[in-house]
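To keep things clear, I will list the structure first and then write my remarks on it.
Side-chain atoms are counted along with the backbone in the values below, which use heavy atoms only and exclude waters and symmetry mates.
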Amino acid sequence: MRTLCVVAIFAGGVGLPVVGAVAQERPRIIDMHMHAHHAPFELPGGAPGPCRPSPCQPQGGATATAAESFEKTLEAMDRYNIVKGFLSGADLDLVQRWDSQAPGRFIASPWVMEAGKPAAEVLRRDYVAGRFRGMGEIAGQLVALAPNDPALAPYFALAAEFDVPVSIHTAGIGPHVPGFRSAAGSPLLLEEVLVRHPDLRVFVENAGYPYLDDMTAMMYQYPNLYGDLSTITWVIPRTAFHAYLKALIDAGLGKRLMFGSDQMRWPEMIGKAIEAIESADFLTAEQKRDIFYNNAARFLRLDDAR
Ligand SMILES: [Zn+2]
């Protein structure tokens with residue numbers, strides 16, 4: 001139970017009640033990269049979070065249970081006034097349970113890694129019933145499936161049919177799992193998908209880090225393509241994150257980048273991710289608001305989108 005004085009406010013045009021003790025003091029944030037007690041590898045409670053490049057000093061201690069992940073994630077959302085989180089996870093029932101236990105706070109979405117698990121046709125029922133309102137994280141790269149692999153085509157087609165936003169892991173880095181292939185993560189490999197589905201809203205994890213040139217080309221060419229700034233806010237050195245962010249901003253892409261925490265089983269990283277954006281002294285106040293809220297509101301077509 002929350003012990004602080006709880007204040008119910010109305011989240012502007014989002015049209016959803018937001019409950020939080022400090023919700024009135026901090027401007028709203030949308031977190032475009034959250035997971036329901038999920039990390040793409042087994043680990044015990046208390047395990048430190050990932051860091052790159054090795055050798056490096058890992059931070060944090062993993063939650064032990066799904067209930068702890070839920071409680072601490074919601075606590076952080078209240079503390080930082082995160083009014084919405086794009087939520088996925090391998091346990092699809094758990095994703096839907098978090099969504100129903102915190103109505104209006106999450107955009108529930110299935111984690112898709114191996115093609116056919118779950119089959120697109122099975123997921124269709126969830127979209128028809130409104131149980132899922134996003135697609136992905138599509139994480140085929142963890143098993144060497146590039147975005148243009150025909151095995152993933154049914155998932156993009158389903159997202160296009162239901163007009164839901166798509167999250168995809170397409171980057172040079174990812175978890176240390178045996179099937180992961182950096183070469184399968186060039187953002188250029190998304191091109192055939194975007195050509196086939198020109199209206200599909202797709203966002204790329206970590207804005208394709210460190211494939212800056214490829215990501216810039218794709219974002220210039222395909223206006224519906226956005227990037228999130230998530231794991232790289234706390235997994236790589238701060239200097240490397242800020243250099244990448246500055247390069248994207250200097251390229252004129254500040255209206256297409258969205259905050260995410262990728263908290264997985266380390267909800268304490270939500271605050272660190274926010275601090276990584278706030279400490280970027282090359283960003284204007286308006287650019288920070290765009291990253292924290294405005295760009296995602298536009299991408300998600302919320303009522304108050306600008
Ligand atoms: Zn993720």
Rounded to the nearest 0.5 Å, the CG atom of L225 sits from the CZ atom of F299 at a distance of 8.0 Å

Any donor-acceptor pair under 3.5 Å linking the side chain of Q287 with the backbone of T284? yes

If the plane angle is over 60° it's perpendicular, under 30° parallel, otherwise tilted; pick one for H33 and H35. perpendicular

Side-chain heavy-atom pair R289, P27 within 4.5 angstrom cut-off: yes

Within a strict 4.5 Å, meaning less than it, do heavy atoms of the I274 and R26 side chains meet? yes

Assess whether a salt bridge exists between D31 and K84, defined as any Lys/Arg side-chain N lying under 4.0 Å from an Asp/Glu carboxylate O. no

Please report the shortest heavy-atom distance between A251 and T216, naming the atom on each side. CB-CG2, 4.2 Å

Parallel, tilted or perpendicular, as decided by the 30° and 60° cut-offs, for the rings of F282 and H242: perpendicular

Transitively linked via ILVMFWY side-chain contacts under 4.5 Å: V122 with V95? no

Does the pair E75/K72 count as a salt bridge with the N-to-O cut at 4.0 Å? no

If you take all heavy atoms of A273 and W234, which pair is closest and at what distance? CB-CD1, 4.3 Å

Give a yes or no on whether the backbone of G140 and the side-chain of E114 come within a donor-acceptor separation of less than 3.5 Å. no

T170 and E205 side chains, donor-acceptor separation under 3.5 Å: no

Measuring only between side-chain heavy atoms, which start at C-beta, is D91 closer than 4.5 Å to H38? no

So which atom in S261 and which in I270 form the shortest heavy-atom distance, rounded to 0.1 Å? OG-CG1, 3.6 Å

Quick check: is V177 connected to L43 through a chain of hydrophobic side chains (ILVMFWY, heavy atoms under 4.5 Å apart)? yes

Under the 3.5 angstrom rule, does the side chain of R256 hit a backbone N or O of M219 as a donor-acceptor pair? yes

Does the side chain of Q96 pick up a donor-acceptor pair with the side chain of D126 at under 3.5 Å? yes

salt_bridge(R196, E191) N-O dist < 4.0 Å: no

Does a donor on one side chain sit under 3.5 Å from an acceptor on the other, for S230 and D262? no

Presence of salt bridge, E161 and R124, under 4.0 angstrom: yes

When you measure from the side chain of Q141 to the backbone N and O of R181, does any donor-acceptor pair fall under 3.5 Å? yes

Would you call the rings of H169 and F180 parallel, tilted or perpendicular if under 30° counts as parallel and over 60° as perpendicular? perpendicular

Taking every non-hydrogen atom, the tightest pair across E137 and S88: N-OG, 3.5 Å

Tell me, do W98 and L87 make a side-chain contact under 4.5 Å, heavy atoms counted? yes

K272, NZ: over 12 other non-hydrogen atoms inside 6.0 angstrom: no

Between Y244 and Y209, what is the ring plane arrangement, given parallel below 30°, perpendicular above 60°, and tilted in between? perpendicular

Are L190 and I173 grouped together when hydrophobic residues (ILVMFWY) are joined by side-chain heavy atoms under 4.5 angstrom apart? yes

For N206 and I232, which heavy atoms make the closest approach, and how far apart are they? OD1-N, 3.0 Å

Look at the side chain of S186 and the backbone N and O of L188, then say whether any donor-acceptor pair between them is shorter than 3.5 Å. yes

Same hydrophobic cluster for L189 and M113, using side-chain heavy-atom links shorter than 4.5 Å among ILVMFWY? no

Using a cut-off of 6.0 Å, state whether more than 12 heavy atoms not belonging to R306 lie near its atom CZ. no

Looking at E275 and R238, is there a salt bridge between them, counting it only when a charged N and a carboxylate O are closer than 4.0 Å? yes

For the pair F86 and F203, name the ring-plane relationship: parallel under 30°, tilted 30 to 60°, perpendicular over 60°. perpendicular

When rounded to the nearest 0.5 angstrom, what distance separates OG1 in T239 from NZ in K246? 14.5 Å

Compare all side-chain heavy atoms of F259 with those of D290 and state whether any distance is below 4.5 angstrom. no

d(M135 CE, L152 CG) to nearest 0.5 Å is 10.0 Å

Could you check whether any side-chain N or O of H197 sits under 3.5 Å from a backbone N or O of A160, counting only pairs where one atom can act as donor and the other as acceptor? no

Within the structure provided, determine whether L257 and D228 are in side-chain contact (heavy-atom separation under 4.5 Å). no

I277 versus L283, closest heavy-atom pair with distance: O-CD1, 3.9 Å

Is it the case that Y293 and R28 place a side-chain donor and acceptor less than 3.5 Å from each other? yes

With side chain to side chain contact (heavy atoms under 4.5 Å, CB included) as the test, would you mind laying out the steps for V195 and Y222 before giving the verdict? CA-CA 9 Å; V195 168; Y222 299 97; 3.6 Å; yes

Going from CZ on R131 to CG on D93, what distance comes out if it is rounded to the nearest 0.5 angstrom? 9.5 Å

Measure from the side-chain N and O atoms of Q59 to the backbone N and O of P48, and report whether any donor-acceptor pair falls under 3.5 Å. no

Could you verify whether a donor N or O on one side chain and an acceptor N or O on the other, from Y226 and R298, lie under 3.5 Å apart? yes

Atom CD in E192, atom CG in D149: separation rounded to 0.5 Å? 13.0 Å

When F162 is tested against each of Y155, Y127, F156 for ring-ring contact (aromatic ring centres under 6.0 Å, His included), which residue passes? Y127

Would you mind checking if R201 and D163 are paired as a salt bridge, meaning a charged N to carboxylate O distance below 4.0 Å? yes

Would you kindly confirm whether M215 and F241 end up in one hydrophobic cluster when ILVMFWY residues are joined by side chain heavy atoms under 4.5 Å apart? yes

When you check the gap from the basic side-chain N to the acidic O, do R105 and D99 get nearer than 4.0 Å? no

Measuring from atom CD1 of I107 to atom CE of M34, what distance do you get when rounded to the nearest 0.5 angstrom? 11.5 Å

Would you check if M32 and I30 make a side-chain contact, meaning some heavy-atom pair closer than 4.5 Å? yes

With a 4.5 Å limit on heavy-atom distance, are the side chains of P147 and P187 in contact? no

